[in-house]
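Contents: one structure, followed by commentary.
It should be emphasised that the depicted structure is a prediction, and the values quoted were computed from it without experimental measurement. Numbering starts at 1 and runs along the sequence shown.
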Amino acid sequence: MRRGKTTVTTHDKVRVSVLGLGEMGRALAGALVKDGHTTTVWNRSPGKADDLVAQGAERAATARDAVRAGPLVIACLLDHASVHEVLDPLAGELAGRTLINVTTTSPAQSRELAAWAADAGVTYLDGGIMAVPDMIGRAGSSVLYSGSADAFDRYKPLLDTWGTSTYFGEDAGLASLYDLALLAGMYVMFAGFLHGAAMVAPSGMRAGEFAAMAAPWLSAMTGAFEGFAAVIDGGDYTVEGQQSLEFSDLGDILAASSDQGVSTEAVAMVQRLIRRQVDAGHGGEGFARVFESIRRPQ
């Protein structure tokens with residue numbers, strides 16, 4: 001805890017309101033109820049609150065009633081526009097309270113919401129959830145936060161009921177930035193797996209069989225991240241021991257994909273990043289130099 005800050009201890013129970021009961025919102029609210037916090041829930045479709053009420057949550061008829069129920073409000077809504085749609089009419093009610101927004105937003109949108117909250121006299125903390133709903137409250141779940149340090153310090157024990165809580169500073173856009181950067185890596189990896197599954201499907205291999213081959217291979221390859229990072233941070237792509245960009249040419253993968261009758265879009269994207277550096281005269285340097293193709297787009 002930061003010196004001089006007030007915090008909720010693990011034994012304190014908080015009156016907290018959760019706005020939005022999609023799959024993630026229900027998981028977050030359920031973890032709070034299980035931990036003993038007085039939890040008020042609201043959703044446009046009231047039926048989504050039934051299971052939570054049966055577990056001990058309090059149902060609010062309106063979003064205004066939910067906000068009035070306690071000092072801490074959690075927003076887990078569809079998107080940035082829906083946050084404003086629900087909360088703009090309640091700015092007066094939110095004044096003096098803490099708003100933790102875990103709705104997926106861009107960094108710019110998170111900063112805009114922080115400015116909106118400041119104008120309304122609302123303490124604002126932004127969160128990026130690195131978990132699927134079933135992971136909430138279990139090992140492996142983590143949530144990234146940025147915005148009000150006071151809010152993070154005060155409510156960290158409550159936030160830890162969802163997963164590991166990590167704070168990145170007063171800039172409200174940082175949690176979103178890091179969340180989306182991690183998701184970018186995930187989705188490109190997923191696309192690569194799906195491309196591979198499509199390649200082998202015409203041979204008769206089922207996706208499940210390919211997954212059994214791919215999972216340990218891809219897991220092992222994540223060990224290369226630290227090496228890439230060291231090269232990037234060092235700024236020298238000529239360090240010995242790297243696989244060169246010329247050797248990394250993906251032409252054979254593209255040809256095999258075409259022969260199998262599948263789209264080459266996912267792999268062609270990586271090939272373009274490689275060729276940009278090779279064409280610029282860096283073919284003998286390490287694969288990590290693809291970072292420069294991404295950092296400095298044409």
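At a cut-off of 3.5 Å, with distance as the only test, no side-chain donor of S146 or D126 sits close to an acceptor on the other residue. Inspection of the H80 and S106 side chains reveals no N or O donor paired with an N or O acceptor under 3.5 Å. Using modelled atom types, one finds a donor on one side chain and an acceptor on the other under 3.5 Å when comparing E265 with S263. Using modelled atom types, one finds a donor on one side chain and an acceptor on the other under 3.5 Å when comparing D79 with S82. In this structure, a donor-acceptor pair under 3.5 Å is absent between the side chains of E292 and H282. D150 and S148 share no side-chain donor-acceptor pair at under 3.5 Å.
You'll find the side chain of L77 reaches within 4.5 Å of the side chain of V86, heavy atoms only. Between V231 and Y237, the closest side-chain pair of non-hydrogen atoms falls below 4.5 Å. Contact check for F287 versus F228: side-chain heavy atoms found under the 4.5 Å cut-off. Counting only heavy atoms from C-beta outward, the side chains of L159 and I100 approach each other to under 4.5 Å. Between K13 and T38 there is no side-chain heavy-atom pair separated by less than 4.5 Å.
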Start with the C-alpha distance between T105 and S110, add both sets of side-chain angles, then the distance that settles side-chain hydrogen bond (donor to acceptor under 3.5 Å, both in side chains), and finish with yes or no. CA-CA 6 Å; T105 54; S110 296; 2.7 Å; yes
side-chain hydrogen bond (donor to acceptor under 3.5 Å, both in side chains) for D179 and S176? Distances and angles first, verdict last. CA-CA 5 Å; D179 174 27; S176 172; 5.7 Å; no
Between E246 and R275, is a salt bridge (charged side-chain N to carboxylate O under 4.0 Å, His left out) present by the stated rule, with each step listed? CA-CA 9 Å; E246 289 173 339; R275 291 307 312 176; over 6 Å; no
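No more than 12 heavy atoms of other residues, nucleotides or ligands shown are found within 6.0 angstrom of CZ on R138. Heavy-atom contacts from other residues, nucleotides or ligands closer than 6.0 Å to CE of M189 number more than 12.
Distance alone, capped at 3.5 Å, is enough to place a donor-acceptor pair between the R97 side chain and the G70 backbone. Between the side chain of N43 and the backbone N or O of S45, at least one donor-acceptor pair lies under 3.5 Å. S17 contributes a side-chain N or O that, together with a main-chain N or O of A66, makes up a donor-acceptor pair within less than 3.5 Å. In terms of modelled atom types and a separation under 3.5 Å, the side chain of E209 and the main chain of R206 share a donor-acceptor contact. A donor-acceptor distance shorter than 3.5 angstrom exists from the side chain of R276 to the backbone of S293, with no hydrogens or angles considered. Using a distance-only test at 3.5 Å, with no hydrogens or angles considered, a donor-acceptor pair links the side chain of S141 to the main chain of W162.
When every heavy atom of H84 is checked against every heavy atom of P89, the shortest pair comes out as O-CD, 4.0 Å. For the residue pair D236 and Q242, the shortest heavy atom distance occurs at O-NE2, 4.3 Å. Shown here for A57 and V33, the closest heavy-atom pair between the two residues is CB-CG2, 3.9 Å.
Ring to ring, F193 and F210 are close: their centroids are under 6.0 angstrom apart. Outside the 6.0 Å centre-distance limit, the rings of Y145 and F168 are not counted as a close aromatic pair.
A salt bridge links R111 with D171: at least one charged nitrogen is closer than 4.0 Å to a carboxylate oxygen.
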